[in-house]
Amino acid sequence: MARKYNPQEIEPKWQKYWAEKEMHTVKKDDSRPGYYCLDMFPYPSGIGLHVGHWRGYVLSDVWSRYKTLQGYQVLHPMGWDAFGLPAENYAIQHKVHPAKAVKVNVENFKRQLHDIGAMYDWNREVNTTDPEFYKWTQWIFANMFKKGLAYRKEMPINWCPDCKTGLANEEVVNGACERCGAEITKKNLNQWMLKITAYAERLLTDLDSLEWPERVKKMQSNWIGRSEGAEITFEIEGHGETVTVFTTRPDTLFGATYMVLAPEHPIVSAITSTEQNGAVKSYVEEALKKSNVERMIEDKQKTGVFTGAFAINPINDGKVPIWISDYVLMDYGTGAIMSVPAHDQRDFDFAKEFNLPLQVVIRPDGETFEADDLTEAYTGPGKMVNSGEFDGLAWEEGKKKVTDSLASRGIGKAMVNYKLRDWVFSRQRYWGEPIPIIHCEQCGMVVVPDEDLPVRLPDVESYEPTGTGESPLARIEEWVNTTCPECGGPAKRETDTMPQWAGSSWYFLRYPDPHNSEKPWSEEAMEKWMPVDLYVGGVEHAILHLLYARFFTKFLHDLGIVSFEEPFNRLFNQGMIYKDGAKMSKSKGNVVSPDELIDRYGRDSIRLYELFIGPPEVDVEWSDQGFEGVARFLNRSWNLITEIIEDDRFIEPTKELERECHGLIKDVTERLEDMKLNTAVSAFMSYVNFLNKEKENGIDRASLETLVLLLSPFTPHFSEELWQILGHEESVFKEKWPEYDPKKLVADEMELPVQINGKIRDTLTIDINASKEDILAAAKALPNVVRNMEGMRVVKEIYVPKKIVNLVVK
RNA sequence: GCCGGGAUGGCGGAAUAGGCAGACGCAUCGGACUUAAAAUCCGAUGGUAUUUUAUACCGUGCCGGUUCGAGUCCGGCUCCCGGUACCA
């Protein structure tokens, strides 16, 4: 009796074999073409891995092993995103130093990742909290500073009162902290900013060249939020001042019946009339107090106050009142708008609220509506009316003509605006890369010279956030006080740290050359590996991480140290795995741990089920029962192969065996290429079902070997063992991925469905090479066809080669 | 509100490029093996109708269209999921 499939025995055996033979070590002197398959590196939480985490890692590993078999040298590394709030909050909660917590968690995570059986090259492991790594994070920041892309600015920023730190726009979700869910307030702080807006246009246009899911590209382009329009300058009556507005609708300028400034607009106090002074002052104060959430929740009821001042509409010298309202945001455009209530819904609502006049200036042909007829703003297309010399112009043309006219008079110009804001890059927390800047009384802000990097995080007793807007580092005098690298005088270190996204914005550049102490990376390493060929990770990083990483890469390109402009050629977002309808979490108690499954079924079964569970990009529900199916499949396959060997029931290949075998190669290869891995697994199942029916007659060796080989990226331990049992000395991963022979796929006969008036009536089995005439004749002779055609006349005969016959009868 | 994505048996899901809807798996039912159970193996399994057999009709969220033929294409809806939120 052949021995049973025993994953508990064979899985450790092969993991040991791979390690001893250094099969996953990426060596420098390898002439194979490189292929870079990257997982988004995790932050090592204390909770560890569950089956949901496995999904992306299994997928990238299947792909890496497939590429290996195709003859590539595959770089498939792993590392740790260990700075940042999650790690720090965990450490505070458990009262351990974050560095210690990270160390323990990394070890645990690594052990669990080993279970997957993935071909990670652990020699290239990176850790963002390693000074040898963050040295280069600081180095990149220093270069941004030198290029004027990192700057300091005092401004009201998003502040999380729970995490006690400032946050980037991208980290605020529905007015709440992305990490802890606390309501975000505004806090005026002197902040480090990165000028990501300088790259807005390139970040937008280069999306076109990327092989990424459309929705991710769309999310990024919405986030960047490009809009074309014009800036128009209005004079303020009796003040000698001007206000510039941004509008996407210069064609509606004749309909601008009032103007609105953001409450924070700097000119407000200067233009407010004495009578209005009190009202304006208290409105501004109220507006500043409101949090983002309050501003949103207040059902969009428009509020505002008249300033008492008037502006002159430059196109028709009309006198328009200037109001302030919080529906105009200071940090978009110019913080001021011209209001066209007839053609903008927000302006319409405001005008109705405060009884301001409307003027229709755009109307489609055939319509006659006037201001009084409108119950909502008309925002559609049309021709300009009530617009003097511009009357009759189509709106799109009007935009251009009006802008040109203003430009010629020097009071307006075409303008592009972006929603994207500069990146708030300081955190008032301990656990991050120190920002490598020194404040000198004499020299001002001085960047730490390269030779003094890294600026190490000092060891401290208390790393808890202060909440004052100052980082805990500020309290460590012996660290803060230093000397100026330029004048040698007394100076203080910058005490803010970088956000978690800093290290992850470039870590993928370090794996190709992770131990380089001279440079962040060598040119050869970049040349061989970058850009990343396939990047696998969750869609939750669609904006944050992926946008920041693209920005860093473009900056490094401009710095001349990388040749490419985009870091990730192809992106794949795996779906999440739910249990009981919810995301797995410890608090919900619905976590499925791989440990138990490993003991009962083995790693390869989990790998296979992770793939079989559903289309890889779609969210799915975990099913313990469904799991049994793949476990049975592996047992059946094992038994089939070992029985054939045991009983020596090998035969010469038959035509049918060959056809099915080559059909399997074709299906599995195509489905892999399309990332339809769930259907690739079902192809294996169908094939084994077929072989099981054949086993009494015996099976040829090639059929079994091909099966084991094709399965190897999916179930590497299983395949290695069977490959050995089949008599091979070398690892199955030294083999080549097979190619199918199209000639072997062709059968002698085919089955053709025969329709009458589009309804299937019978099936015709006929020689594959039969002529159209023969086929139609045979089809018409089929008993059920004859029956259904009785008394009818054929008016049309359709034969789609090798697909279908359809007879149209009357 | 706007922008994406989706809806197929009891369930998860298949269906290159308009050509046999429901592959594969789960669950269920029947059978074999067993003293028995588990495991395993074999078979059935979208719905309705007809006594059998087989056949007919219906069936991919809803309504309509194009076509010899529509899950697939076009027009109009409904619901669900994700992103975004006064961005001028």
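By convention in this document, chain letters (A, B, ...) are assigned in the order of the sequence lines, proteins followed by strands, and residues within each chain are numbered from 1.
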* So what does A:V808 hit on the nucleic acid, given a heavy-atom distance under 4.0 Å: a base, only sugar-phosphate, or nothing? -> sugar-phosphate
* Asked: In B/S/- notation, 5' to 3', how is nucleotides 2-8 of chain B contacted by protein heavy atoms closer than 4.0 Å?
  -> -SS----
* Base, sugar-phosphate, or nothing: which does A:N689 touch, judged by heavy atoms less than 4.0 Å apart? -> sugar-phosphate
* Given atom OH of A:Y687 and atom C1' of B:A14, what is their separation to the nearest angstrom? -> 21 Å
* B:G43, B:U84, B:A88: which one has an atom nearest the side-chain heavy atoms of A:W223? -> B:U84
* Should the heavy atoms of other residues, nucleotides or ligands under 6.0 Å from CD of A:E396 be counted, would the total exceed 12? -> yes
* Asked: Side chains of A:T233 and A:T244: donor-acceptor distance under 3.5 Å anywhere?
  -> yes
* Within 45° of the axis and under 6.0 Å from the centre of the six-membered ring of A:Y327, does NZ or CZ of A:K302 qualify? -> yes
* **Nucleic acid footprint by protein, nucleotides 52-59 of chain B - heavy-atom cut-off 4.0 Å, B for base, S for sugar-phosphate alone** => ---SSSS-
* Asked: Once you round it to whole Å, what is the distance between C1' of B:G83 and CD1 of A:I224?
  -> 15 Å
* To do: Report the distance from atom NZ of A:K419 to atom C1' of B:C86, rounded to the nearest whole Å.
  => 11 Å
* Would you tell me whether A:W223 and A:E170 have side-chain atoms, one donor and one acceptor, within less than 3.5 Å of each other? => yes
* To do: Describe, in one word, how the ring planes of A:H343 and A:Y378 are oriented to each other, choosing from parallel (under 30°), tilted (30 to 60°) and perpendicular (over 60°).
  => perpendicular
* Distance between P atoms of B:C24 and B:G75 (Å, rounded) -> 36 Å
* **Side-chain donor or acceptor of A:Q8 paired with backbone N/O of A:D599 under 3.5 Å** => yes
* **Euclidean distance for C1', B:G22 against B:A15 (whole angstrom)** => 9 Å
* Asked: Does A:N678 place a side-chain N or O at less than 4.0 Å from the phosphate oxygens OP1/OP2 of B:A14?
  -> yes
* Check whether the side chains of A:T642 and A:Y5 place a donor and an acceptor atom closer than 3.5 Å, and report yes or no. => no
* To do: Name the nucleic acid region contacted by A:L752, choosing base, sugar-phosphate or nothing; use a 4.0 angstrom heavy-atom cut-off, strictly under.
  => nothing
* Structure fact -> Whole-Å distance, A:E670 CD to B:A15 C1', equals 14 Å
* Check every atom of B:C24, B:C86, B:G69 against the side chain of A:N806 and return the nucleotide holding the closest atom. => B:G69
* Starting from P on B:A38, measure out to CD on A:E628 and report it in whole angstrom. => 14 Å
* For A:L664 and B:C24, what is the distance between atoms CG and C1' respectively, to the nearest whole Å? -> 13 Å
* **A:W622 CH2 - B:G12 C1' separation (whole Å)** => 13 Å
* May I ask you to check whether A:Y258 and A:F350 place their ring centres under 6.0 Å from each other? => yes
* To do: Taking syn as within 90° of 0 and anti otherwise, name the glycosidic form of B:G75.
  => anti
* Tell me what A:E751 touches on the nucleic acid: a base, only sugar-phosphate, or nothing, going by heavy atoms under 4.0 Å. => base
* To do: Just compare B:A88, B:G13, B:G19 and give me whichever is closest to any side-chain atom of A:I804.
  => B:G19
* Structure fact -> Looking only at B:G19, B:C24, B:A88, the nucleotide nearest the A:Q755 side chain is B:G19
* Structure fact -> Closest to the 5' end of RNA chain B, once A:K796 and A:E621 are matched to their nearest nucleotides, is A:E621
* Asked: Is any side-chain N or O of A:N692 closer than 4.0 Å to OP1 or OP2 of B:C42?
  -> no
* Asked: Is the closest basic N to carboxylate O distance between A:E643 and A:K695 below 4.0 Å?
  -> yes
* Report the nucleotide, chosen from B:G13, B:A88, B:G19, that has the shortest atom-to-atom distance to any side-chain atom of A:V800. => B:G19
* Asked: With a non-hydrogen cut-off below 4.0 angstrom, is A:Q625 in contact with a base, only sugar-phosphate, or nothing?
  -> sugar-phosphate
* Structure fact -> Result for 5'-nearest mapping on RNA chain B, choosing between A:F612 and A:Y332, is A:F612
* **Test of ring centre spacing under 6.0 Å for A:Y578 and A:W622** => no
* **Donor-acceptor contact present, side-chain A:D762 to main-chain A:L782, <3.5 Å** => no
* Dot-bracket, RNA chain B: Watson-Crick or G-U, under 3.5 angstrom, [ ] crossing, | other strand? -> (((((((..(((......[....))).(((((.......))))).(((((...)))))..(((((..]....))))))))))))....
* Closest nucleotide among B:U40, B:C68, B:A88 to the A:R632 side chain -> B:U40
* Indicate, with a heavy-atom threshold strictly under 4.0 Å, whether A:S339 touches base, sugar-phosphate, or nothing. => nothing
* **Under-4.0 Å side-chain N/O to phosphate OP1/OP2 contact, A:S623 with B:C11** => no
* A:R649, CZ: over 12 other non-hydrogen atoms inside 6.0 angstrom -> yes
* Length of the CD-P vector between A:Q345 and B:A88, whole Å -> 15 Å
* Asked: Is the side chain of A:T252 donor-acceptor paired with the backbone N or O of A:R249 at a distance under 3.5 Å, no angle test?
  -> yes
* Asked: Are OP1 or OP2 of B:U16 and a side-chain N or O of A:R671 less than 4.0 angstrom apart?
  -> no
* To do: Look at atom CD of A:E673 and say whether more than 12 heavy atoms of other residues, nucleotides or ligands are closer to it than 6.0 Å.
  => yes
* hbond_proxy A:K803 side chain to B:C20 base (donor-acceptor, 3.5 Å cutoff) -> no
